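Side-chain atoms are counted along with the backbone in the values below, which use heavy atoms only and exclude waters and symmetry mates. Keep in mind it's a predicted model, so treat the numbers as computed, not measured. Residue numbering restarts at 1 for every chain, and letters A, B, ... go by the order of the sequence lines.
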Protein chains: 2
Amino acid sequence: MGITKSDIFTEKQNDLAQFFKVLGHPARVAILQYIGSQNSCICNDLVEEIGLAQATISQHLKELKSIGLLKGEIEGKKMCYCINVERWEEIQQHLNQFFNNTKSNCC
Amino acid sequence: MGITKSDIFTEKQNDLAQFFKVLGHPARVAILQYIGSQNSCICNDLVEEIGLAQATISQHLKELKSIGLLKGEIEGKKMCYCINVERWEEIQQHLNQFFNNTKSNCC
DNA sequence: ATTATATATTGCAATATTACGATGATAAAC
DNA sequence: GTTTATCATCGTAATATTGCAATATATAAT
């Protein structure tokens with residue numbers, strides 16, 4: 001099918017999976033790492049840096065924005081994409097909670 | 001296309017994205033949470049617990065095994081799937097390193 | 001031996017994702 | 001106002017993922 005049966009899971013499970021899913025592409029990992037290494041960021045830099053077409057980068061940025069990880073401000077004709085640090089730490093906490101709460105003690 | 005251009009990214013970026021990707025499905029999140037809440041686990045329990053067909057659960061288990069997060073031991077005619085705690089903590093560390101190293105200071 | 005139970009694998013249909021060229025939209029530069 | 005630069009969106013092709021029924025495999029129970 002290709003369709004995920006979201007309705008049989010809790011909202012938390014769906015949200016958590018969504019965070020993981022958005023981070024689950026090397027281009028998006030690379031984008032975040034590059035933005036993190038700079039003080040600001042412009043989409044066009046990424047096109048050269050990453051090596052994907054402009055339209056593709058733009059799409060990946062959109063997905064990162066969709067979970068609030070990036071915020072973009074218009075600076076004249078350029079866009080300044082930055083990591084939303086508050087959200088970044090919030091998501092990191094969520095993921096760590098998942099890891100810490102899901103400890104097993106069998107085998 | 002649907003094909004990821006893995007060759008333009010580093011191995012670390014691809015690995016990291018792969019971890020995230022495998023965790024990026026609510027069924028797999030739910031499976032891990034359920035296994036974590038028990039002391040051992042049987043696939044058939046999961047079918048009732050999660051509400052997906054047996055074949056589908058089996059497939060998700062396979063993906064979780066593919067990154068080493070689960071280990072399965074045969075117990076008679078049953079399978080005992082458990083979380084591989086060492087690997088679990090290793091992956092948690094990798095993800096936290098990514099989050100901590102990718103801090104931005106702009107905007 | 002046969003049957004029941006538990007899980008894996010295969011094959012397939014439906015949908016999602018990835019990537020890109022083409023095209024829009026917007027603002028600076030001229 | 002025309003051009004240039006930067007980014008978003010649309011449309012589309014190729015591939016991946018999800019989910020399930022059917023089937024295969026393997027062991028336990030009878």
Side-chain angles (χ1 to χ4, degrees), chain A residues 1-9 13-14 17-31 34-35 38 40-67 70-82, chain B residues 1-9 13-14 17-31 34-35 38 40-67 70-82:
Chain A
M1 304 196 168
I3 189 169
T4 295
K5 286 190 162 182
S6 311
D7 52 305
I8 66 174
F9 304 106
Q13 287 170 333
N14 283 313
Q18 185 60 25
F19 297 153
F20 281 125
K21 192 174 178 182
V22 168
L23 294 170
H25 192 289
R28 294 194 284 271
V29 166
I31 286 172
Y34 181 68
I35 297 187
Q38 310 293 109
S40 70
C41 182
I42 291 134
C43 179
N44 214 45
D45 285 359
L46 286 170
V47 174
E48 289 173 35
E49 183 71 19
I50 310 268
L52 290 170
Q54 183 266 322
T56 309
I57 295 289
S58 192
Q59 224 173 217
H60 284 306
L61 288 170
K62 193 178 173 183
E63 289 186 71
L64 288 167
K65 261 192 295 184
S66 79
I67 57 167
L70 289 187
K71 51 181 179 180
E73 279 176 42
I74 300 164
E75 269 190 9
K77 65 181 168 182
K78 295 187 181 179
M79 279 295 291
C80 173
Y81 271 115
C82 302
Chain B
M1 306 198 168
I3 189 168
T4 295
K5 287 190 160 181
S6 311
D7 51 307
I8 66 175
F9 304 106
Q13 287 169 334
N14 282 313
Q18 186 60 24
F19 298 153
F20 281 125
K21 192 175 178 182
V22 168
L23 294 170
H25 192 290
R28 294 193 285 271
V29 167
I31 287 172
Y34 182 68
I35 296 187
Q38 310 294 110
S40 70
C41 182
I42 291 132
C43 178
N44 214 45
D45 285 358
L46 285 171
V47 173
E48 290 173 34
E49 182 72 19
I50 311 268
L52 290 170
Q54 183 266 324
T56 308
I57 296 288
S58 191
Q59 227 173 215
H60 283 306
L61 289 170
K62 194 178 172 183
E63 289 186 71
L64 288 166
K65 261 192 295 184
S66 78
I67 56 167
L70 290 187
K71 52 182 178 181
E73 279 176 44
I74 301 164
E75 268 189 10
K77 64 180 168 183
K78 296 187 181 178
M79 280 294 293
C80 172
Y81 271 113
C82 301

B:Asn44 atom CG is separated from D:dT27 atom C1', nearest whole Å, by 15 Å

From CD of A:Glu75 across to P of D:dC7 the rounded distance in Å is 10 Å

Heavy-atom contacts, protein to nucleotides 17-30 of chain C, under 4.0 Å, summarised as B (base), S (sugar-phosphate only) or - (none) per nt, yield BBBBB-----SS--

Margin query: Atom CD1 of residue position B:Ile74 - does it have more than 12 heavy atoms of other residues, nucleotides or ligands inside 6.0 Å?
Written below: no

Note: A:Ala27 and A:Ile50 closest approach over all heavy atoms is O-CD1, 4.4 Å

Shortest non-hydrogen pair, B:Tyr81 vs B:Gly72, comes out as CD2-CA, 3.7 Å

Here the distance between atom P of D:dT25 and atom CE of B:Met79, to the nearest Å, is 18 Å

Residues passing the salt bridge (Lys or Arg N to Asp or Glu O under 4.0 Å) test with A:Glu63, sequence neighbours excluded, are A:Arg28

Separation of D:dT17 atom P from B:Leu61 atom CG, nearest Å, is 17 Å

When rounded to whole Å, the CD1 to C1' distance for the pair B:Ile31 and C:dT7 reads 13 Å

A:Glu48 CD to D:dC7 P, in whole Å, measures 11 Å

Nearest heavy-atom contact between B:Asn14 and B:Phe9 is ND2-O, 3.6 Å

*Hey, is the side chain of A:Tyr81 poking within less than 4.0 Å of OP1 or OP2 on D:dA8, counting only N and O atoms?*
yes

message = Could you tell me if the side chain of A:Leu52 sits less than 4.5 Å from the side chain of A:His60, heavy atoms only?
response = yes

Taken to the nearest whole Å, NZ/B:Lys62 to P/D:dG19 is 16 Å

note: A:Ile35, atom CD1; D:dC7, atom P; distance rounded to Å ~ 11 Å

